2 protein chains.
Amino acid sequence: MNIGEASKASGVSTKMIRYYEQIGLIAPAHRSEAQYRTYEDTDIHTLRFIRRARDLGFSVEQMKTLLALWHDRARASGDVKAIALEHIAELDRKAAAIAAMTATLRHLASNCHGDGRPDCPILDDFADAPPESDLPEVSARFGRANIG
Amino acid sequence: MNIGEASKASGVSTKMIRYYEQIGLIAPAHRSEAQYRTYEDTDIHTLRFIRRARDLGFSVEQMKTLLALWHDRARASGDVKAIALEHIAELDRKAAAIAAMTATLRHLASNCHGDGRPDCPILDDFADAPPESDLPEVSARFGRANIG
DNA sequence: GTAGTGCTTCCCATCATGGGAAGGTCAAGG
DNA sequence: CCTTGACCTTCCCATGATGGGAAGCACTAC
């Protein structure tokens with residue numbers, strides 16, 4: 001199976017398959033005589049594993065660990081669960097950051113009549129809200145939310 | 001006021017102040033004889049505005065528009081509200097994507113006894129879950145969630 | 001044998017942010 | 001007056017995961 005077929009079968013783009021190989025997430029693919037990468041069913045299985053983990057928001061680093069645990073038949077399920085729980089906690093933190101943003105924005109928007117008049121509480125808030133040091137809020141605790 | 005003081009007064013790092021100037025989000029600062037950037041209170045006001053918008057998750061492009069509207073005394077509040085609502089919708093989409101991930105992960109983790117035994121439903125799911133085309137789920141609708 | 005598709009590698013872009021080097025400037029204290 | 005240290009300048013590079021695209025082979029179908 002060439003890389004294009006492997007991509008279709010796994011749902012991982014050819015670009016990403018090559019990238020994952022380059023950074024060592026997956027082993028270098030076998031090559032045909034013409035240096036084409038070739039993939040077996042087991043490789044597709046691995047790629048699907050990666051796809052699934054990626055869809056659940058795991059980073060490449062986490063996937064490296066998960067793949068190692070997957071290949072280690074003697075691993076402790078607690079090790080896997082710990083990674084999952086840590087990731088859940090991280091996602092919860094991001095969700096909380098987003099929720100805080102939307103709550104503030106919804107409040108501001110609800111006070112903005114949103115018609116042709118220039119008066120706008122949203123801009124007023126942006127211009128006059130106290131700097132974050134006054135409120136130990138989300139952005140202070142979690143840093144810049146890289147969710148944009 | 002030099003850039004360091006402006007940074008402390010606004011909560012925007014010196015690096016980012018220079019960057020915002022470079023990409024045209026803010027006007028080039030006045031310079032001292034020694035080419036040091038100097039800032040007035042009005043500049044700090046603008047930087048705080050940016051800081052606030054950034055903390056609420058707005059992109060640089062959105063901030064550009066918001067700043068333009070802020071400086072336009074004749075703007076319609078509806079224009080501002082539209083941007084805010086669109087941003088809220090985007091944040092809600094991301095929150096939904098995160099919620100879907102955590103729901104799945106929580107379910108998998110709850111079925112994982114998480115002790116020293118190797119049996120692990122989490123890895124089993126990763127290895128055997130059907131490819132995403134079977135389920136028109138979050139990742140398919142919203143693309144790769146860049147929330148990681 | 002040629003057209004078209006697929007593969008290869010290599011470089012560049014994203015977005016917002018930080019790190020760090022090399023060198024100029026300023027204020028305080030000896 | 002000169003040194004020291006803190007500050008400023010510009011320039012380059014890195015992040016993480018992903019895509020775009022070019023130049024050049026390889027393969028397939030007709």
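Throughout, protein chains are lettered first and strands after them, A, B, ... in sequence-line order, and every chain is numbered starting at 1. Computed from a predicted model, the values in this text were never measured in an experiment. Values below: all heavy atoms of this structure, side chains included; hydrogens, waters and symmetry mates excluded.
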- B:Gln22 atom CD is separated from D:dC11 atom C1', nearest whole Å, by 10 Å
- Query: What's the CD-P distance between A:Gln62 and D:dG16, to the nearest Å?
  - Reply: 12 Å
- Validation row: B:Arg37, B:Arg18 side chains within 4.5 angstrom (heavy atoms): yes
- How many Å lie between CD on A:Glu90 and P on D:dG16, as a whole number? 13 Å
- To the nearest angstrom, how far is A:Lys8 atom NZ from C:dC7 atom P? 8 Å
- Message: With a 4.0 Å limit, can you tell me whether B:Tyr19 has a side-chain N or O closer than that to the phosphate oxygens OP1/OP2 of C:dC15?
- Response: no
Side chains of residues 23-32 of chain B: which donor-acceptor pairs under 3.5 Å do they make with residues two or more places apart or in other chains?
{"from": "B:Arg31", "atom 1": "NH1", "to": "B:Gln35", "atom 2": "O", "distance (Å)": "2.8"}
{"from": "B:Ser32", "atom 1": "OG", "to": "B:Ala34", "atom 2": "N", "distance (Å)": "3.3"}
{"from": "B:Ser32", "atom 1": "OG", "to": "B:Tyr36", "atom 2": "N", "distance (Å)": "3.0"}

- Nearest heavy-atom approach of A:Leu85 to B:Ala109 is CD2-CB, 4.1 Å
- Query: Excluding sequence neighbours, so at least two apart, what forms side chain to side chain contact (heavy atoms under 4.5 Å, CB included) with B:Gln22?
  - Reply: none
- Query: Taking atom P of C:dC26 as reference, at what distance in whole Å does atom CG of B:Asn2 sit?
  - Reply: 9 Å
- How would you list all residue pairs meeting salt bridge (charged side-chain N to carboxylate O under 4.0 Å, His left out) that involve residues 71-85 of chain B, not counting sequence neighbours? none
- A:Arg18 atom CZ is separated from C:dC10 atom C1', nearest whole Å, by 12 Å
- Atom pair distance, as rounded to whole Å: CG in A:Asp55 and C1' in D:dA17: 13 Å
- Message: Among residues at least two apart in sequence or on other chains, which ones pass side chain to side chain contact (heavy atoms under 4.5 Å, CB included) with B:Ala127?
- Response: A:His45, A:Phe49, A:Trp70
- Message: Is there a side-chain contact between B:Ser13 and the phosphate of C:dG18, meaning an N or O under 4.0 Å from OP1 or OP2?
- Response: yes
- Message: Using the salt bridge (charged side-chain N to carboxylate O under 4.0 Å, His left out) criterion, which residues pair with B:Arg106? Sequence neighbours excluded.
- Response: A:Asp92
- CE of B:Met16 versus P of C:dG19: gap in Å, rounded? 13 Å
- Where along residues 23-42 of chain A does a heavy atom fall under 4.0 Å from DNA chain D? A:Ala34, A:Tyr36
- B:Tyr20 vs C:dT17: side-chain N/O to OP1/OP2 distance below 4.0 Å: yes
- Query: Nearest to the side chain of A:Lys15, which nucleotide is it out of D:dG19, C:dT17, D:dT18?
  - Reply: D:dG19
